[in-house]
Trainee: 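If you scroll down you'll find the structure; I have some questions about it.
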Amino acid sequence: MSQIVTLSFYRFTGFSARAWALMMMAQGRKPLAATPDIGFWKLCGSGKGEGFNVTLNPAVIAILAVWPDAETARNRVSTAPIFARYRARATESWSILLTPTSVRGQWDGSVPFAATTDQSTGPMVALTRAAIRRRIIPRFWRQVPDISAKIGQDPNVAFKIGIGELPMLDQITVSIWPDKSSMDAFARTGPHGAAIKAVRTGDWFAEELFARFNVHSDMGTWGGASPLAALEAA
């Protein structure tokens, strides 16, 4: 059995639903931690745009969770009380199940994902997480808008979002690509490649993690359809 990582996104419409989601950023942590079989997990807000973004988006909340296998992941995300509460309040929700294929770096002092040796072809997900050093914040946020714009313009990207634990300081990007080659091409070139070089020479991050995943399956919709539908059609 391979470890499964789930990314669940919830969209909230209207003041009361968004206020509830904001309140749950504090109150949802205890029931998430108590969910049977859950391993590493994070409850995240989101930003506007396609990647790291300083502007908060109160309409979208994300939950990242690690499970021992696909059956357990699908069952818990579908039936566990805390996930059901989010789904009941949201106007739309979508969960994607992922198999880690590579991971480099740490998150809160540990390696949260166990990479498998399975390198099957097909859609892949890239996750980048950065804990930004406070002294570098102005320089970092001058660099990032260009990178986010380029992600949004890339025709290969099926889905992209910026999420995070702490505004401005702890940032995560998630993007879905049709295959490994298109993902690698973006990472090596343009403003993204320049930013990676700047990070390496400037010691921008207190902690960082880069992970890649094979897509296992998904549940629900985002924008009225599965973001994977276009990739499957292609």
Side-chain angles (χ1 to χ4, degrees), residues 3-13 17-48 50-53 56-100 103 107-108 110-114 125-131 159-167 169-176 209 211-213 215-223 226-228:
Q3 181 191 77
I4 289 289
V5 177
T6 56
L7 272 165
S8 300
F9 300 97
Y10 302 90
R11 193 192 311 278
F12 299 93
T13 303
R18 293 178 182 182
W20 178 87
L22 180 62
M23 175 194 70
M24 289 297 289
M25 292 299 292
Q27 297 187 9
R29 297 178 183 277
K30 186 174 181 180
L32 265 175
T35 300
D37 304 307
I38 200 169
F40 183 88
W41 61 268
K42 290 294 178 182
L43 177 58
C44 299
S46 69
K48 295 182 178 179
E50 287 86 10
F52 292 154
N53 199 291
L56 298 179
N57 179 10
V60 176
I61 296 296
I63 300 175
L64 180 149
V66 176
W67 311 93
D69 55 70
E71 182 180 0
T72 302
R74 187 174 288 272
N75 179 270
R76 296 297 182 233
V77 171
S78 299
T79 65
I82 184 61
F83 288 91
R85 290 177 67 187
Y86 274 96
R87 205 162 47 249
R89 292 270 188 166
T91 54
E92 189 174 34
S93 63
W94 179 58
S95 294
I96 184 168
L97 282 68
L98 308 169
T99 304
V103 56
W107 197 331
D108 291 347
S110 65
V111 180
F113 312 128
V125 172
L127 182 149
T128 302
R129 182 257 176 177
F159 177 82
K160 61 277 184 184
I161 192 169
I163 58 178
E165 298 177 78
L166 295 172
L169 290 174
D170 196 294
Q171 298 287 311
I172 304 154
T173 61
V174 177
S175 55
I176 302 179
L209 180 138
R212 291 182 173 186
F213 307 84
V215 175
H216 179 279
S217 56
D218 70 336
M219 302 182 290
T221 65
W222 201 249
S226 165
L228 303 179

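These values consider heavy atoms only, across backbone and side chains, with no hydrogens, waters or symmetry-generated copies. Bear in mind that the values here come from a model prediction, so they are computed numbers and not experimental data.
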Trainee: Check the angle between the aromatic planes of Phe12 and Trp20 and answer parallel, tilted or perpendicular using the 30° and 60° thresholds.
Mentor: tilted
Trainee: Here's a test for you: under side-chain contact (heavy atoms from CB on, under 4.5 Å), which of Ile96, Val5, Leu97, Thr99 qualifies with Phe213?
Mentor: Val5
Trainee: Parallel under 30°, tilted from 30 to 60°, perpendicular over 60°: which one fits the rings of Phe40 and Phe113?
Mentor: perpendicular
Trainee: For the pair Ser93 (side chain) and Arg87 (backbone), establish whether a donor and an acceptor sit closer than 3.5 Å, ignoring hydrogens and angles.
Mentor: no
Trainee: So which atom in Cys44 and which in Glu165 form the shortest heavy-atom distance, rounded to 0.1 Å?
Mentor: SG-CG, 4.2 Å
Trainee: What is the minimum heavy-atom distance between Asp69 and Ile4, and which atoms define it?
Mentor: C-CG1, 3.6 Å
Trainee: Would you mind reporting whether Lys42 and Asp108 have side-chain heavy atoms less than 4.5 Å apart?
Mentor: yes
Trainee: Should Thr221 and Glu92 count as side-chain neighbours, where that means a heavy-atom distance under 4.5 Å?
Mentor: yes
Trainee: Do Leu43 and Tyr86 touch side chain to side chain, with heavy atoms closer than 4.5 Å?
Mentor: yes
Trainee: Could you tell me whether the side chain of Arg89 reaches within less than 4.5 Å of the side chain of Met24, counting heavy atoms only?
Mentor: no
Trainee: Do any side-chain atoms of residues 74-83 form donor-acceptor pairs under 3.5 angstrom with protein atoms, and if so which ones, sequence neighbours left out?
Mentor:
from  : atom 1 : to     : atom 2 : distance (Å)
Arg74 : NH2    : Ser217 : OG     : 2.6
Arg76 : NE     : Pro36  : O      : 3.1
Arg76 : NE     : Asp37  : OD2    : 3.0
Arg76 : NH2    : Asp37  : OD2    : 2.5
Ser78 : OG     : Arg74  : O      : 2.7
Thr79 : OG1    : Asn75  : O      : 2.7

Trainee: Looking at Trp94 and Gly220, what are the two nearest heavy atoms and their distance?
Mentor: CD1-O, 3.5 Å
Trainee: Tell me whether Thr13 contacts the main-chain N or O of Thr91 through its side chain, where contact means a donor paired with an acceptor under 3.5 Å.
Mentor: no
Trainee: For residues Ala21 and Ile61, report the shortest heavy-atom separation together with the two atoms involved.
Mentor: CB-CG1, 3.9 Å
